[in-house]
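The chain is numbered in sequence order, starting from 1. Note that these values count all heavy atoms, side chains included, but never hydrogens, waters or copies made by symmetry.
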Amino acid sequence: MSAGRTAVRVEEHDDRVVLVLDRPGARNAIDQQMVDELHAACASLETDPRIAILVGEGGVFAAGADIAQLRERRRDDALRGINSAIFDRIRRLPMPVIALVDGWALGGGAELAYACDFRIGTPRTRIGNPETGLGILAAAGAAWRLAELVGEPLAKEVLLTGRVLDAEEARSVRLLNEVVEPDDLLAAGHRWADSIARQAPLATRLTKAVFHAPREAHPFVDDLAQAVLFETEEKHARMTAFLDRRKDTSR
C-alpha cells in the first residue's frame, strides 16, 4: 500500500457513516492497517452513534484476511484476537451496521459480514469460510456466529467442507437480507439506513442492545430499557402524533 493511503475511506453524513474498504488491488484483504482504521471508525461511532454502511471498493467486499500477514502470525498473535476483536467491536456498535456484500466475502471478509446487523448482496456475491483449507480455523466469529445466523447443518457445511454460498443460496437462508444489482447496491444500503433512521434513535439503540443481551439478562434488561424509553420526550411525542393521526382518519 502506498504511503499515506488509507485502507478504510470514511464518508460522513448527518445520521450515518459509509465505511469503504479501500484496498482494491488486494481485493480488500483485511490487513493490520485496515483493522486499525476500523477501530478508529468504531471509536467515532461509539462517541457519536450513527448508522454504519460497510462496503468494499472495486466490486469485492473483502476476499479475506491478508494471507501474507496471516502466514507470519504465531501463537501470541492469535491470542491477541486481532480480527475477532474488531469484528466483535463492530457487532457491539450502538446503531445498526449494514454490510453491502458485492463479489467475494471469504474468510475474514465473511466474518466481517456476519458481524453486521444486515447484509445486502448482489447476484455475484460469494460468501464462505475456506480457512481449514489453509490449515487454520475461522476464529473471528464464524465458528459460532454462523450457526446463529443459518443453523448448525449449513454452518458445518461452510466451515468443515469449504463450501462457498452463492447469492441465491445465501438469500434463501436469510444470510443476505436482500439481493440487488451491483449498480443499485449503495442505494439499497441507503434505503435500509433510511428505514432505520425513521425510527426513534434511542429506541433503536436500546433494542439492539437488548437483542444481544445474554438470555439470563432477560426479562430484567427489557424492562430496564423500556423504563428509560418511557421517560423520554420522543416517546410521548411519537405516541401523541400516532393518536392524532388515528383521530384524523376516524373522522
Side-chain angles (χ1 to χ4, degrees), residues 1 5-9 18-35 37-38 52-71 82-84 86-87 90-91 97-143 145-146 149-150 154-189:
M1 183 169 293
R5 178 167 180 173
T6 61
V8 179
R9 193 168 73 249
V18 179
L19 304 176
V20 183
L21 307 180
D22 196 13
R23 298 187 71 213
R27 298 197 298 174
N28 300 324
I30 301 168
D31 67 350
Q32 186 64 57
Q33 181 183 0
M34 185 178 287
V35 169
E37 292 180 14
L38 285 171
I53 298 174
L54 193 59
V55 62
E57 184 64 63
V60 175
F61 182 68
D66 188 296
I67 300 300
Q69 290 187 7
L70 199 59
R71 184 184 62 180
I82 295 169
N83 284 358
S84 60
I86 184 56
F87 298 163
I90 288 168
R91 183 59 160 174
V97 182
I98 304 163
L100 305 184
V101 188
D102 192 16
W104 295 104
L106 298 177
E111 291 179 299
L112 175 56
Y114 303 156
C116 297
D117 298 289
F118 304 103
R119 288 158 294 278
I120 304 171
T122 74
R124 60 193 185 192
T125 297
R126 300 294 182 271
I127 189 166
N129 291 93
E131 281 90 342
T132 53
L134 294 171
I136 59 174
L137 62 85
R145 188 171 280 140
L146 186 57
L149 292 169
V150 303
L154 182 56
K156 283 183 174 177
E157 284 189 46
V158 173
L159 294 167
L160 300 179
T161 74
R163 180 180 171 192
V164 175
L165 303 180
D166 63 24
E168 182 179 352
E169 292 172 310
R171 177 71 178 86
S172 70
V173 295
R174 303 293 293 179
L175 185 58
L176 294 177
N177 297 92
E178 184 180 4
V179 175
V180 301
E181 291 301 318
D183 289 345
D184 299 326
L185 186 59
L186 186 58

- [ ] Identify the two heavy atoms, one from Ala142 and one from Tyr114, that lie closest to each other, and give their separation to 0.1 Å.
- [x] CB-CE1, 3.7 Å

Task: Side chain to side chain, Val150 and Leu165, heavy atoms closer than 4.5 Å - done: no

Task: Validation row: Leu185, Ile120 side chains within 4.5 angstrom (heavy atoms) - done: yes

TODO: Under the salt bridge (charged side-chain N to carboxylate O under 4.0 Å, His left out) rule, collect the residues that match up with Arg124, sequence neighbours excluded.
DONE: Asp102

- [ ] Measure across Thr122 and Glu181 and return the closest heavy-atom pair with its distance rounded to 0.1 Å.
- [x] CG2-C, 4.4 Å

Task: Exercise: identify the closest heavy-atom pair between Cys116 and Ala99 - done: SG-CB, 3.7 Å

Open item on the list: So Pro24 and Val60, do their side chains get closer than 4.5 Å, heavy atoms only?
Closed with: no

- [ ] Write down the atom of Pro123, the atom of Val180, and the distance for their closest heavy-atom approach.
- [x] CD-O, 3.2 Å

- [ ] Without swapping roles, check the side chain of Gln33 against the backbone of Arg5 for a donor-acceptor pair under 3.5 Å.
- [x] yes

- [ ] For the pair Asn28 (side chain) and Glu57 (backbone), establish whether a donor and an acceptor sit closer than 3.5 Å, ignoring hydrogens and angles.
- [x] yes

Task: Expected output: side-chain Arg119 to main-chain Ala113 donor-acceptor under 3.5 Å - done: yes

Task: Expected output: side-chain Asp31 to main-chain Asp66 donor-acceptor under 3.5 Å - done: no

Open item on the list: For Arg163 versus Leu154, what's the shortest heavy-atom pair and its separation?
Closed with: NH1-CD1, 3.7 Å

Task: Main-chain N/O of Met34 paired with Glu37 side-chain donor or acceptor, under 3.5 Å - done: no

- [ ] May I ask you to decide if Ala7's main-chain N or O and Arg23's side chain share a donor-acceptor pair within less than 3.5 Å?
- [x] no

Open item on the list: Tell me the closest heavy-atom pair linking Gly107 and Pro130, and the distance in Å.
Closed with: N-CD, 3.6 Å

Open item on the list: To the closest 0.5 Å, what do you measure between CG (Leu70) and CG (Asn83)?
Closed with: 8.0 Å

Open item on the list: Return the CG to CG distance between Leu38 and Leu21, rounded to the nearest 0.5 Å.
Closed with: 6.5 Å

Open item on the list: Can you confirm whether Arg91 sits close enough to Asp117 that some side-chain heavy atom of one is under 4.5 Å from a side-chain heavy atom of the other?
Closed with: yes

Open item on the list: So, taking the atom named CD in Glu169 and the one named CZ in Arg126, what distance separates them when rounded to the nearest 0.5 Å?
Closed with: 8.5 Å

Task: Point-to-point distance, once rounded to the nearest 0.5 Å, from CG of Leu112 to CZ of Phe61 - done: 4.0 Å

Task: Spatial distance of atom CG (Asp184) from atom CG (Leu100) [nearest 0.5 Å] - done: 12.0 Å

Task: Point-to-point distance, once rounded to the nearest 0.5 Å, from OG1 of Thr125 to CH2 of Trp104 - done: 10.5 Å

Task: Check: Glu168 main-chain N/O paired with Asp166 side-chain donor or acceptor under 3.5 Å - done: yes

- [ ] Return yes if some donor-acceptor pair links the side-chain N/O of Glu111 with the main-chain N/O of Phe87 below 3.5 Å, else return no.
- [x] no

Open item on the list: Using the side-chain contact (heavy atoms from CB on, under 4.5 Å) definition, which of the options Leu146, Leu137, Leu160 pairs with Asn129?
Closed with: Leu146

Open item on the list: For the CD atom on Gln32, are there more than 12 heavy atoms of other groups (residues, nucleotides or ligands in this structure) within a distance under 6.0 Å?
Closed with: yes

